[in-house]
Amino acid sequence: MLVKNPRFVISAVKPEQYPVTGMLEIAFAGRSNAGKSSLINALVGRKRLAYSGSTQGMTRQINFYNIDDELMFVDLPGYGYAAVSKDQKSLWGKVIEQYLNVRPQLYMVILLLDVRHDPSEDDIVMYNWIRESGLAHAVVLTKCDKLSRMKCKERVRAISASLGAGSTESFYPVSALDRTGIDELWAAIDEVMREES
Ligand code: GDP
């Protein structure tokens, strides 16, 4: 999909602050540093629509982006940032959980995992939640340019096994840097959107 006019709408923490729109939403979830901002920018073909907070990994708001008045991208706070207190961590968990549980127009969750690392406990919790929710989803493995094609394939298999994913699970290896996999991911999003409409 060629995005013409992507716009930042609002940063929200509480459900009352979420924007009122009739558009369907795709949420992006992942650890801080997994590459969420870079992936959103690659999908919309902009350099700086989404950006990490000034202190990396510290953004705890949910950022909403309007994609050509067709759908919304929802950037959830990155979880698992080591340098925050337990209280802050549970607050971030709540912000994410609340959005996932209360938002009726949410119809797809994209889970990002750095292809080089094994999934963390938080990643596994998130993956299981998504799977059990019955929502459409895609597991995106980021930063593939950092590995050879062979190594990347190997990592897909290893990550799939760590997640306990079934044989029907789709994994999307991508690189925001060289745009590997970006068209394939858009095709998956488009297909889900067609099924919804
Ligand atoms: P976020 O915290 O999940 O939003 O992650 P960012 O998008 O800010 O990315 C975290 C770091 O990984 C930054 O230094 C990015 O430049 C880098 N990064 C993200 N995606 C890629 C990628 O596809 N390839 C490479 N080589 N680096 C990436």
Side-chain angles (χ1 to χ4, degrees), residues 3 6-13 25-67 72-84 88-89 91-93 95-97 99-100 108-127 129-130 137-156 158-159 163 170-189:
V3 177
R7 346 198 250 288
F8 168 75
V9 178
I10 199 168
S11 290
V13 176
E25 293 180 353
I26 300 184
F28 294 79
R31 302 176 75 172
S32 54
N33 238 18
K36 270 187 302 108
S37 318
S38 305
L39 178 68
I40 290 173
N41 288 332
L43 284 168
V44 301
R46 295 288 188 281
K47 282 213 167 76
R48 308 177 75 82
L49 180 70
Y51 54 92
S52 301
S54 46
T55 311
Q56 209 162 35
M58 294 296 274
T59 32
R60 68 180 179 90
Q61 295 102 331
I62 302 177
N63 294 315
F64 291 81
Y65 300 94
N66 178 328
I67 310 301
M72 300 278 278
F73 278 178
V74 180
D75 186 7
L76 297 175
Y79 49 80
Y81 189 62
V84 300
Q88 266 177 313
K89 272 188 192 159
L91 180 68
W92 289 0
V95 171
I96 297 170
E97 224 176 276
Y99 170 81
L100 292 173
M108 182 177 194
V109 182
I110 295 182
L111 176 64
L112 280 79
L113 304 171
D114 187 320
V115 72
R116 298 166 300 167
H117 307 310
D118 289 332
S120 68
E121 265 176 49
D122 288 334
D123 290 326
I124 292 171
V125 167
M126 184 61 79
Y127 176 70
W129 185 91
I130 294 167
H137 66 273
V139 183
V140 167
L141 306 179
T142 61
K143 311 188 193 182
C144 280
D145 56 276
K146 291 191 183 245
L147 301 178
S148 69
R149 279 174 82 107
M150 276 288 278
K151 186 76 191 159
C152 185
K153 275 194 178 156
E154 221 173 85
R155 291 297 305 150
V156 173
I159 291 171
L163 290 174
S170 302
F171 289 91
Y172 296 86
V174 305
S175 163
L177 204 70
D178 64 18
R179 298 190 58 82
T180 300
I182 298 298
D183 290 344
E184 287 82 354
L185 183 57
W186 259 126
I189 294 171

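Read the numbers this way: they start at 1 and go in the same order the structure lists the ligands and their atoms.
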Pairing donors with acceptors under 3.5 angstrom, does anything connect the side chains of [X] and [Y]?
X: Tyr65; Y: Glu25; result: no
X: Asp122; Y: Ser120; result: no
X: Ser38; Y: Asn41; result: no
X: Thr142; Y: Asp114; result: no

Would you mind listing which atoms of ligand 1 come within a distance below 4.0 Å of any non-hydrogen atom of [X]?
X: Lys146; result: 25 (C), 26 (N), 27 (N)
X: Lys36; result: 1 (P), 3 (O), 4 (O), 5 (O), 7 (O)
X: Ser175; result: 23 (O)

Side chain, backbone, both or neither: Asn33 near ligand 1, heavy atoms under 4.0 Å: both
Could you walk me through whether Asp118 and Asp123 pass the side-chain contact (heavy atoms from CB on, under 4.5 Å) test, one step at a time? CA-CA 9 Å; Asp118 289 332; Asp123 290 326; over 6 Å; no
Does ligand 1 come near enough to [X] that some N or O of the ligand is less than 3.5 Å from an N or O of the residue?
X: Ser32; result: no
X: Leu39; result: no
X: Ala176; result: yes
X: Val174; result: no

Between ligand 1 and [X], can you find any atom pair, the residue atom being a heavy atom, that is separated by under 4.0 Å?
X: Gly78; value: no
X: Gly30; value: no
X: Thr142; value: no

Ion pair present between Arg179 and Asp145, side-chain N to carboxylate O less than 4.0 angstrom? no
When rounded to the nearest 0.5 Å, the distance separating CD1 of Ile110 from CZ of Phe28 is 4.0 Å
Please identify which of these residues, Val9, Ile40, Leu39, meets the side chain to side chain contact (heavy atoms under 4.5 Å, CB included) condition with Phe73.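 Exactly one option meets the side chain to side chain contact (heavy atoms under 4.5 Å, CB included) with Phe73, and it is Ile40.
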